[in-house]
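Here is the structure we will look at.
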There are 4 protein chains.
Amino acid sequence: MAFLKKEEKKNRIIETSLKLFSKNGFHNTTIPDIAKSLNMSVGNMYNYFSSKEILAMAIIRYTSDILGEKIKKINKMKISAHEKIRKIVAMYFNIADKKPEMIEYFLRVYLSNRDVFKNGCEGMICVSAFVTEIMIFFEENVRNGELRDQDFFSAFGLFMGYLGGMVFLKGEEVLEKSLDDYVDDISENIYFALKA
Amino acid sequence: MAFLKKEEKKNRIIETSLKLFSKNGFHNTTIPDIAKSLNMSVGNMYNYFSSKEILAMAIIRYTSDILGEKIKKINKMKISAHEKIRKIVAMYFNIADKKPEMIEYFLRVYLSNRDVFKNGCEGMICVSAFVTEIMIFFEENVRNGELRDQDFFSAFGLFMGYLGGMVFLKGEEVLEKSLDDYVDDISENIYFALKA
Amino acid sequence: MAFLKKEEKKNRIIETSLKLFSKNGFHNTTIPDIAKSLNMSVGNMYNYFSSKEILAMAIIRYTSDILGEKIKKINKMKISAHEKIRKIVAMYFNIADKKPEMIEYFLRVYLSNRDVFKNGCEGMICVSAFVTEIMIFFEENVRNGELRDQDFFSAFGLFMGYLGGMVFLKGEEVLEKSLDDYVDDISENIYFALKA
Amino acid sequence: MAFLKKEEKKNRIIETSLKLFSKNGFHNTTIPDIAKSLNMSVGNMYNYFSSKEILAMAIIRYTSDILGEKIKKINKMKISAHEKIRKIVAMYFNIADKKPEMIEYFLRVYLSNRDVFKNGCEGMICVSAFVTEIMIFFEENVRNGELRDQDFFSAFGLFMGYLGGMVFLKGEEVLEKSLDDYVDDISENIYFALKA
DNA sequence: GATGAATGAGCTTTCATTCAT
DNA sequence: AATGAATGAAAGCTCATTCAT
């Protein structure tokens, strides 16, 4: 492990903790659990993240950055707002399928442990990469007339809440179809809701 | 307190725990915390709810029943689907304003502590009162041609996720306006998304 | 239940507690458990036995009296020491079979909860009915020359320990045969050990 | 304490718990009691034994091994069955005198807390070291004609029950003489019972 | 950097006993 | 005599964090 740079090792810790926190929840995942998963000593973990909360905050930033990056790519495409919505929904559900821990972390850790994120992540600052790209998407397409002008958070809540809600339902095993099969319905619904 | 019947006392416990769980989270609220809030001994609490998890499950049923009841009333009104959506959104935000603990419990306790609700509330069974009324709303208005026919969960996820998402944003203090001021925008968005 | 005299009701409580204590152990049997078994309120139980320990001590006296009575009958028979030993062993194993709770109470409650019996049953005083009859048996048959003269407790320990040990082994399910099938072997062994 | 290896420390915990459990009983000895006796924190105890029951089972194995080892040595001696019996009785009473906790643990913890030993020690598996050596003693001396052939458990119950019974009587302070003074009587009785 | 034994406060839950009715 | 809600101390166990090596 000595050949890994400090930053690489931090990422390894983040990836592993992300999975464990998402699967078992923040309070049911212990630092020894994480350390064991990483074949690392408990004490050494503290050389990289000085507390469980600081680790949790690093994870949400990490996750938000990856999601933001993916939306940024979609934003740069030369396609209609309608098509962009579809791509965002498809991308989101694809992640929920392939790397469910990323979405679940939002839903089950970030959303519900306010106190953990209180000192350092207040006001969505730690998910700004993700929020910003949704904002760019929204404002660009309002400007070019494809989407109706309205309060940004009315639109943001729709995206974030709707997509998150569907992933939650999937997790509860109440959906008969795969998330993939919902892409059409849901992107249409979002488009109808927002279009000019 | 002796003049309260067992059922009334259970409800008092539920109401108080609901507030504490919503405010501080399930794992940060201890049974002694709840007991103290109720001026009741820890041991006696266990005469009413035999474990913390069983209490948590009673609360979600209680909350879902109240919400379901309110939607049921709206469902019975002789108004258009468009107006019903507006009433549901207004009612939801009104509760989020007046009794925020009910909505927050959904978001911060039920949604994110899968293991707590695993034995007894699997598959949304404990929120069925709420889900059922949304289902009735949706199917009646599809039948009478006001809403587009689509997978129920595509519609349900929109309602539940969108409204929950807005309340979350409010809780994060990122909304400048009061929830009330969002009723118009959001009910329009939902209507556009679902209308025939 | 009102037609039962106080003494009869105490016996009912004793019989029921005897079974529960024997089956689950003293510490794993709660007063509410006993009360429920008796269809009686917890508070009322305390009208008959003012503490769990006092109940436990009443039980050992009750049990010892019954066993002592049975040995007394054997002592009065006009048969040889050899035959008396056989009868005692057979009687003991018969009880262990038909009312195992009586023997188990000796083994699993009385023997192992010294502190419970400390104030009121010190020095085998609560089992004296049983001990006395064994003593009578022993001394009479020493006097008439059928048994060797030796320290009484050397003989008493043989009876009590051997028989108790066999019942313990039965309880551990390591004996392939029924206790009844051991009567011959064991009474021979005891007789050989003690005879003049 | 850092110079002690993990195994040595486990043994230290076993020795101390053995004393406390024997003296006060399993249910009246708390983990904090044990930890305090060891000048160790409660939490750290759980690094060595993951539950109170697992500790109790480790103790019975430990104790049985030591007793078994002592009988094994006697078994290897080139002396008569009669003399071996005497040595076993003497050894047993010597331990009961010098390390009474070992014998008391059998009597007051192992024998009477069936549920504690249910998962892991069923069917005398945790005392097999001791049982096996008694079996070897018995079978060898049946084979060479010194002891009568009979069901093993008839003989085993005699040893275990008789010796245990005497130690129990000693503990109840009803014996006027020291255990040592009973060696002659009791080994004669056992020998008469078992001899060919 | 790396280790993992050690800490101890804090958690959920239990239960003998009391007492107002 | 009878009820059972109420008490509260104490139990077994957990875990974030530290620190000597």
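As the structure is a computational prediction, the values presented were derived from the model and not from experiment. Chain letters run A, B, ... following the sequence lines, proteins first, then strands; residues in each count from 1.
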Exercise for the section: Give the nucleotide from the list E:dT3, E:dT13, E:dT17 with an atom nearest to the side chain of A:Met40. Expected result: E:dT3
Problem - First of B:Gly43 and D:Lys52 reached from the 5' end of DNA chain F, by closest nucleotide - result: B:Gly43
Handout entry: Any C:Tyr46 side-chain nitrogen or oxygen under 4.0 Å from OP1 or OP2 of F:dT3
Key = no
Handout entry: Residues in side-chain contact (heavy atoms from CB on, under 4.5 Å) contact with D:Tyr46, at least two apart in sequence or another chain
Key = D:Ile31, D:Val42
Completion exercise
Picking from F:dA6, E:dC11, F:dC15, the nucleotide nearest the side-chain atoms of B:Thr30 would be E:dC11
Practice task
Mind checking side-chain contact (heavy atoms from CB on, under 4.5 Å) for A:Asn24 and listing every partner two or more places apart, or none if nothing turns up?
Solution key: A:Leu20, A:Asn28, A:Thr29
Exercise for the section: Please work out if A:Tyr48 contacts a base, only the sugar-phosphate, or nothing of the nucleic acid, heavy-atom cut-off 4.0 Å. Expected result: sugar-phosphate
Exercise for the section: Would you classify A:Ser50 as touching base, sugar-phosphate or nothing, given that sugar-phosphate means primed atoms plus P, OP1 and OP2, and contacts are heavy atoms under 4.0 Å? Expected result: nothing
Handout entry: Whole angstrom value for the distance that separates P of E:dA5 from CE of A:Met45
Key = 17 Å
Handout entry: Of the listed nucleotides E:dA6, F:dA5, F:dA16, the one nearest the side chain of A:Pro32
Key = F:dA16
Problem - Phosphate contact (E:dG1 OP1 or OP2) by A:Lys9 side-chain N/O below 4.0 Å - result: no
Exercise for the section: Specify the separation, in whole Å, of atom CZ of D:Phe49 and atom C1' of F:dG12. Expected result: 16 Å
Problem - Separation of F:dG12 P from D:Asn47 CG (nearest whole Å) - result: 17 Å
Completion exercise
C:Ser41 has its side chain closest, among E:dG1, F:dG4, F:dG8, to F:dG4
Practice task
Respond yes when some side-chain nitrogen or oxygen of A:Lys6 is under 4.0 Å from OP1 or OP2 of E:dG1, and no when none is.
Solution key: yes
Exercise for the section: Choose from E:dT7, F:dT7, F:dA2 the nucleotide whose nearest atom is closest to any side-chain atom of C:Asn44. Expected result: F:dA2
